[in-house]
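What's counted below: heavy atoms across the whole structure, side chains too, no hydrogens, waters or symmetry copies. Below, chains carry the letters A, B, ... as their sequence lines are ordered, and counting in each starts from 1.
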Amino acid sequence: MPELPEVEVTRRSFADRIAGARIESVRLGKALRWPLGCDPALLAGRRVQAVRRRGKYLLLDLDRGLLLLHLGMSGSLRFDAGLPPAAVHDHFDLVTDRGVLRLNDPRRFGAAVYCESEQSAECRKLLGALGVEPLEDGFDAGAFHAALKRRQAPIKQVLLAGDVVVGVGNIYASEALFLAGIRPTLPAARISRPRAAKLHAAVRDVLARAVAKGGSTLRDFSNAQGESGYFQLEAMVYGREGEPCRVCGTPIRMIRQGQRATFYCGQCQKT
DNA sequence: AAAAGCCCCTGGATGC
DNA sequence: TGCATCCAGGGGCTTT
């Protein structure tokens, strides 16, 4: 479910409210992707100072150490005082004096991992290879083009890999390529400078619009206050196999790239 | 170094 | 209604 926009919207929905909160306890449910990495009791008494985002990870800065949270494929966070008792898929509760931060994640691809610091081996293993943030100034069209030049893999898979640019998930990869008029199967290295610039703009545009709208979501996304994205991003191609292209009317095609579905318009994305 | 596959897990939709 | 099959928004790890 969560790509960069959903993670960012989630972050914004509780960052200010949790900043300064004192951790009282941690409750763990069934195992997530990785173990917490420390004795939960060790966290009691620490304070949450800030919540940052790196790619699709959320970083909770504590007065000592930090907590990495990832929503995986099916995770969502809530932060509130007076949450109901933990239910089946609630696998992590950070109980604070201002409320409980709860990770609900049916498929358990998500994670909550404690790191002593951002320089720790554990933290670097998870965050070290991540590419640039698409919505920050470091995302530069020229550098983006140069990075694509070094990759022979299909552009869709390079976008998804996250080592060039982070946060572009399966939905927005298809959407950005449609906006840029680029065929998803095109080897990244074959994209010209002007077309790379167009893709650069498309990635920014689609992600920024989704953040502004409160997180697009095809199904059931809600932020940490339990509010749905009040708007469903109208997908141009994602999930629309066989339906007419919104620009030219040609039926949208679906293919598989690395076990993931890709959608595109054969007419608007000829090369 | 880069690319391609595999796999973790549960639930909902679809088909017989 | 019941059961099998397929599919899902991520990403680290292992193998080529």
Check: Hey, does the side chain of Tyr172(A) come within less than 4.0 Å of dG9(C)'s phosphate (OP1/OP2), counting only N and O?
Finding: no
Checklist line | Length of the CG-C1' vector between Asn170(A) and dG11(C), whole Å | finding: 12 Å
Check: Rounded to the Å, how far apart are Asp105(A) CG and dG9(C) P?
Finding: 15 Å
Check: Do Gln257(A) and Thr262(A) have a side chain donor and acceptor closer than 3.5 Å?
Finding: yes
Next item on the list: Find out whether Ile23(A) and Val48(A) are in side-chain contact, i.e. whether some heavy atom of one side chain is under 4.5 Å from a heavy atom of the other.
Entry: yes
Next item on the list: Could you measure between the two C1' atoms, the one in dG9(C) and the one in dA3(B), and give it in whole Å?
Entry: 23 Å
Name the pairs: protein N/O against N/O of nucleotides 12-16 of chain C, kept only if under 3.5 Å.
{"residue": "dG12(C)", "atom": "OP1", "partner": "Tyr57(A)", "partner atom": "OH", "Å": "2.9"}
{"residue": "dG12(C)", "atom": "O4'", "partner": "Arg33(A)", "partner atom": "NH2", "Å": "2.9"}

Next item on the list: Tell me, please, which residues at least two apart from Ala86(A) pass side-chain contact (heavy atoms from CB on, under 4.5 Å).
Entry: Arg27(A), Asp90(A), Asp93(A), Arg102(A)
Margin query: Working to the nearest 0.5 angstrom, can you tell me the gap between Glu175(A) CD and Arg209(A) CZ?
Written below: 8.5 Å
Margin query: Rounded to whole Å, please give me the gap between NE2 in His91(A) and P in dC8(B).
Written below: 17 Å
Note to self: Going by side-chain hydrogen bond (donor to acceptor under 3.5 Å, both in side chains), name the pairs with one or both residues in residues 123-145 of chain A, residues two or more places apart or in two chains.
What the structure shows: Arg53(A)-Glu133(A), Arg54(A)-Glu133(A)
Note to self: If you compare every side-chain N and O of His70(A) against the phosphate oxygens of dG10(C) (OP1, OP2), does one of them come in below 4.0 Å?
What the structure shows: no
Notebook entry, point to check: Over how many whole Å does the gap from His89(A) atom NE2 to dC9(B) atom C1' extend?
Noted result: 10 Å
Next item on the list: Please figure out whether Gly55(A) or Ala261(A) has its closest DNA chain C nucleotide nearer the 5' end.
Entry: Ala261(A)
Checklist line | Near-strand residues of residues 107-119 of chain A, defined as heavy-atom separation under 4.0 angstrom from DNA chain C | finding: Arg107(A), Phe109(A)
Note to self: Distance check needed: dG10(C) P versus Arg54(A) CZ, whole Å only.
What the structure shows: 16 Å
Item checked: Minimum side-chain heavy-atom gap Phe109(A)-Arg33(A) below 4.5 Å -> no
Notebook entry, point to check: How long is the span from the CZ atom in Arg193(A) to the NZ atom in Lys149(A), to the nearest 0.5 Å?
Noted result: 11.0 Å
Notebook entry, point to check: Which part of the nucleic acid, if any, lies within contact of Gly169(A), taking any heavy atom under 4.0 Å across all strands shown: a base, the sugar-phosphate backbone alone, or nothing?
Noted result: sugar-phosphate
Check: So which nucleotide from dG11(C), dT10(B), dG9(C) ends up closest to the side chain of Lys56(A)?
Finding: dG11(C)
Check: Do Met236(A) and Val247(A) have side-chain heavy atoms sitting under 4.5 Å apart?
Finding: yes
Check: Are Phe144(A) and Phe139(A) close enough that their ring centers fall under 6.0 Å?
Finding: yes
Margin query: Using whole Å, what does the distance between atom P of nucleotide dG10(C) and atom CG of Leu4(A) come to?
Written below: 11 Å
Margin query: Near DNA chain C, counting only heavy atoms under 4.0 Å, which residues of residues 150-162 of chain A show up?
Written below: none
Next item on the list: Just need the stems in DNA chain C: three or more back-to-back Watson-Crick or G-U pairs, each with both distances under 3.5 angstrom, sorted by first number.
Entry: B:2-8 with C:10-16, B:10-16 with C:2-8
Checklist line | Value in whole Å for how far the C1' atom of dC9(B) lies from CG of Leu103(A) | finding: 14 Å
Check: Any idea how Phe79(A) and Phe14(A) line up, ring-wise: parallel (<30°), tilted (30 to 60°), or perpendicular (>60°)?
Finding: tilted
Notebook entry, point to check: Taking NZ, NE, NH1 and NH2 as the nitrogens, is one of them in Glu24(A) or Arg98(A) under 4.0 Å from a carboxylate oxygen of the other?
Noted result: no
Margin query: Please determine whether the number of non-hydrogen atoms from other residues, nucleotides or ligands lying under 6.0 Å from atom CG of Asp39(A) exceeds 12.
Written below: yes
Margin query: Taking only side-chain N and O atoms of Lys30(A), does any of them lie within less than 4.0 angstrom of OP1 or OP2 on dT10(B)?
Written below: yes
Notebook entry, point to check: In whole angstroms, how far is the P atom of dA4(B) from the CG atom of Asp163(A)?
Noted result: 13 Å
Item checked: Test item: Leu68(A) and Cys115(A) side chains (from C-beta on) under 4.5 Å apart, heavy atoms -> yes
Notebook entry, point to check: Do Asp97(A) and Arg22(A) come within less than 4.5 Å of each other through their side chains, counting heavy atoms only?
Noted result: yes
Notebook entry, point to check: Of the options Arg190(A), Arg195(A), Lys156(A), which is the one that meets Ile182(A) in a side chain to side chain contact (heavy atoms under 4.5 Å, CB included)?
Noted result: Arg195(A)
